[in-house]
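Here's the structure we're looking at; comments come further down.
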Amino acid sequence: MNIRFPNNDFKSFEAPMRAEIELTGLEVVQGKVPKNLEGGFFRLIGDRKWPAFVDNDVFMLNEDGMASCFYFKDGKVDFRMRYVRTPRFVAEEKAGRALFGHYRNPFSDDPSVAGLSRGTANVTMLMHGGKLLALKEDSPAIELNPFTLETIGEYDWNGKVTAKAITAHPKIDAKTGELVFFGYCAAGPATRDIAYYEADSEGNVTHEAWFHAPYTCMVHDIMVTQNYVVFPITPLRHELEWIKRSEPAFKWDPHESVYLGVLPRKGRGDQIRWFKGPNQCHGHTVGAYDDGRYIYADNTFSKRSFFHFFPNVDGSQFKPTDAMPYMKRVVIDMERSDNSFVEQPLFEYPCELPRIDTRFETLPYSFATMNLLDVPGQERVGRGFQWIATMDVNGAKPSKILYAGDNCSIGEPQFVPAHDNAAEGDGYIMTVVGRHEQMRSELLILDASDINAPPVATVALPFRLRSTGHGYWYGGRQLRGETNFPGAW
């Protein structure tokens, strides 16, 4: 068979890499890596091993997961990158070609893989209960060795998780170390079923509840407080009949309302309360907390789906400005008699991939960092995320913005505390920057208190890393399974 990726000129920064890499002793070309940094900055990259056999494949979401990590110890940084060997990857590697068809469409697969998990494990890495998991929201979790990135296999929490899909955006309660996670389409493709789980700090599942969403849709993230879980239901619709007709698995419905499902922590499915609001699309959670009565849930929202390749259900034209996400605070009064909620803007520029100091997950917080899509009045050369910003969501400190450079792509920022007892926001921000003209990438370690200062360190890679969605820092004690509390070293 002639293997050829369509339109691959081998010059694009985002061309398939198809390479597993192990490199010890990365070059530090500027500054010094703090010697007290011990742990790993884990990132999942999408990188298809085999070209698709279907037309108009959604490559961005349908690529094989490539687990990568920058390992830190004694001022030295090593790098490792390996494919996640999902059941799908193993089957295709054995066949020497792609066997799975369109994104979220099992009816387009080669008959030889009917019933096999279609998951690509290409979104997020989770460390909890001594397990490192690669996650993709349409399939079961995949366990990896945290030190070698070798694949161990599918993981279902010792049979306690029966949902057919697990979120790529679980939350770890910073106060208890508990894991809060869920799955949508939990009973199968295009179903309204949502399964909600909690696991204790040791990774043992302690709670399970099922309920139905008001309509089928993508539920990419949740907002978790000490007392509540908020499930955002926004109309990036998902219908079985579309899949069977080989249409896109998701379409944006500009006429459907938004629902926020609020469930008490460890509550039953019949206890969920639905709050209703105007049409919009949720992105990624910033942070969330409650005071017993009011829930303060911060997220990014856009007028329609960020993904241009998912069409509008009514056939109307995609408008790029409608896909620009903005950070908002949703305030839910659990004592109000009606089902409405209040929205407050938090940041003036379009932004995505927000992150907080994870030691404040589910708790009141101030510090946040994120990527920016545009800064009015500032010129750019290139497309996509090229700025990183820090902000105080309570407005006590001014925001700071760093332009990463011309013709670059900047990855999701990750906050790393300076030490276990550091104050909120006292530490570093790590992000990977792609230098497109040089066809290489570098890891920036920034002072979180002043991202405009010269980087604490710039760690160079002698090759490019394709753009990725999400990453997490896990300290040495977390990697060894000694603690599950966020940010602990």
Side-chain angles (χ1 to χ4, degrees), residues 14 56 58-62 103-104 123 137 168-169 184 213-223 230-239 242 247-260 275-286 297-331 340-354 368 370-380 382-389 391 401 409-410 412 467 469-470:
E14 297 295 342
N56 301 315
V58 182
F59 259 60
M60 179 181 177
L61 302 180
N62 208 23
Y103 175 65
R104 301 291 280 264
V123 178
E137 64 192 59
H169 288 292
Y184 74 93
Y215 48 79
T216 57
C217 67
M218 180 182 289
V219 189
H220 189 63
D221 206 347
I222 53 171
M223 295 161 274
V230 181
F231 297 86
I233 307 300
T234 57
L236 185 54
R237 300 290 303 275
H238 181 42
E239 298 292 348
W242 300 340
E247 297 173 2
F250 291 89
K251 299 180 185 181
W252 176 252
D253 187 343
H255 308 295
E256 182 62 81
S257 297
V258 163
Y259 293 86
L260 299 180
F275 293 82
K276 189 175 181 180
N279 180 271
Q280 57 189 312
C281 189
H282 79 280
H284 291 97
T285 297
V286 192
D298 303 341
N299 206 300
T300 58
F301 291 91
S302 52
K303 290 184 178 180
R304 64 142 285 158
S305 166
F306 185 79
F307 300 120
H308 64 87
F309 38 75
F310 292 140
N312 291 345
V313 71
D314 60 1
S316 58
Q317 187 176 4
F318 172 80
K319 298 179 181 178
T321 54
D322 289 347
M324 284 290 194
Y326 288 85
M327 190 185 297
K328 296 181 184 180
R329 170 161 290 178
V330 171
V331 182
S340 62
F341 57 86
V342 176
E343 297 179 3
Q344 303 169 352
L346 281 183
F347 196 67
E348 59 185 313
Y349 302 135
C351 61
E352 249 298 355
L353 305 178
M370 74 289 290
N371 292 142
L372 305 187
L373 278 160
D374 187 31
V375 178
Q378 291 192 21
E379 294 186 6
R380 69 145 87 203
R383 298 163 53 187
F385 296 122
Q386 288 189 300
W387 290 271
I388 187 174
M391 69 172 296
I401 297 173
S409 55
I410 188 166
E412 179 187 58
S467 297
H470 304 288

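Note that CG of Leu236 and CG of Asp253 are 10.0 Å apart. Values are rounded to the nearest 0.5 Å. The CE atom of Met370 sits 10.5 Å away from atom CG of Leu353, with the distance rounded to the nearest 0.5 Å. To the nearest 0.5 Å, atom CD of residue Glu343 and atom CZ of residue Arg329 are 13.0 Å apart. The distance from the CZ atom of Arg237 to the CG atom of Asn312 is 13.5 Å, given to the nearest 0.5 Å. Here the CD1-SG distance, from Ile401 to Cys351, works out to 10.0 Å after rounding to the nearest 0.5 Å. Note that NE2 of His169 and CG of Asp221 are 5.0 Å apart. Values are rounded to the nearest 0.5 Å.
Looking at heavy atoms from C-beta onward, Val313 lies in side-chain contact with Pro254 at the 4.5 angstrom threshold. Two residues are said to be in side-chain contact when any heavy atoms from C-beta on lie closer than 4.5 Å; Trp252 and Asn279 meet this criterion. Phe306 places a side-chain heavy atom less than 4.5 Å from the side chain of Leu373. Under the 4.5 Å side-chain criterion, counting only non-hydrogen atoms from C-beta, Pro320 is not in contact with His308. Residues Trp242 and Pro248 fail the side-chain proximity criterion, which asks for heavy atoms closer than 4.5 Å. Arg304 places none of its side-chain heavy atoms less than 4.5 Å from the side chain of Lys319. Between Tyr215 and Tyr259 there is a side-chain heavy-atom pair separated by less than 4.5 Å. Using a 4.5 Å heavy-atom cutoff, the side chains of Lys251 and Pro311 are in contact.
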For this session: Apply side-chain contact (heavy atoms from CB on, under 4.5 Å) to Leu372 and Phe347, showing your working.
Result: CA-CA 10 Å; Leu372 305 187; Phe347 196 67; 3.6 Å; yes
For this session: For side-chain contact (heavy atoms from CB on, under 4.5 Å), just list the numbers for Leu61 and Phe307, CA-CA rounded to whole Å, side-chain angles, deciding distance to a tenth of an Å, and then say yes or no.
Result: CA-CA 10 Å; Leu61 302 180; Phe307 300 120; 4.3 Å; yes
For this session: May I have the step-by-step check of side-chain contact (heavy atoms from CB on, under 4.5 Å) for Tyr103 and Met60, ending in yes or no?
Result: CA-CA 10 Å; Tyr103 175 65; Met60 179 181 177; over 6 Å; no
Exercise. Should Val258 and Phe301 be marked as a side-chain contact (heavy atoms from CB on, under 4.5 Å) after you check the CA-CA gap, both sets of side-chain angles, and the distance that decides it?
Worked result: CA-CA 11 Å; Val258 163; Phe301 291 91; 5.6 Å; no
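With hydrogens and angles disregarded, a donor-acceptor distance shorter than 3.5 Å links the side chain of His238 to the backbone of Ala249. At least one donor-acceptor pair closer than 3.5 Å links the side chain of Glu14 to the backbone N or O of Ser467. Asp314 places a side-chain N or O within 3.5 Å of a backbone atom of Ser316 that can act as its donor or acceptor partner. A distance-only check finds no donor-acceptor pair linking the side chain of Asn371 to the backbone of Glu352 [under 3.5 Å].
The aromatic rings of Phe250 and Phe310 sit tilted relative to each other, their planes meeting at an angle between 30° and 60°. Ring planes of His284 and His470: perpendicular class, angle over 60° (limits at 30 and 60°).
Nearest heavy-atom pair across Pro232 and Val219 is O-CG1, 3.6 Å. Nearest heavy atoms, Glu348 versus Tyr326: O-CE2, 3.4 Å. Pairing each heavy atom of Ala213 with each of Ile233, the nearest pair is CB-CD1, 4.0 Å. Listed here is the closest heavy atom pair of Pro235 and Glu256: CB-CB, 3.6 Å. When all heavy atoms of Asn299 and Met223 are compared, the pair lying nearest together is ND2-SD, 3.7 Å. Nearest heavy atoms, Met218 versus His282: O-CE1, 3.5 Å.
Around CG of Asn56, the count of heavy atoms belonging to other residues, nucleotides or ligands within 6.0 Å does not exceed 12.
For the 3.5 Å distance criterion, the side chains of Thr216 and Glu239 qualify, holding a donor opposite an acceptor.
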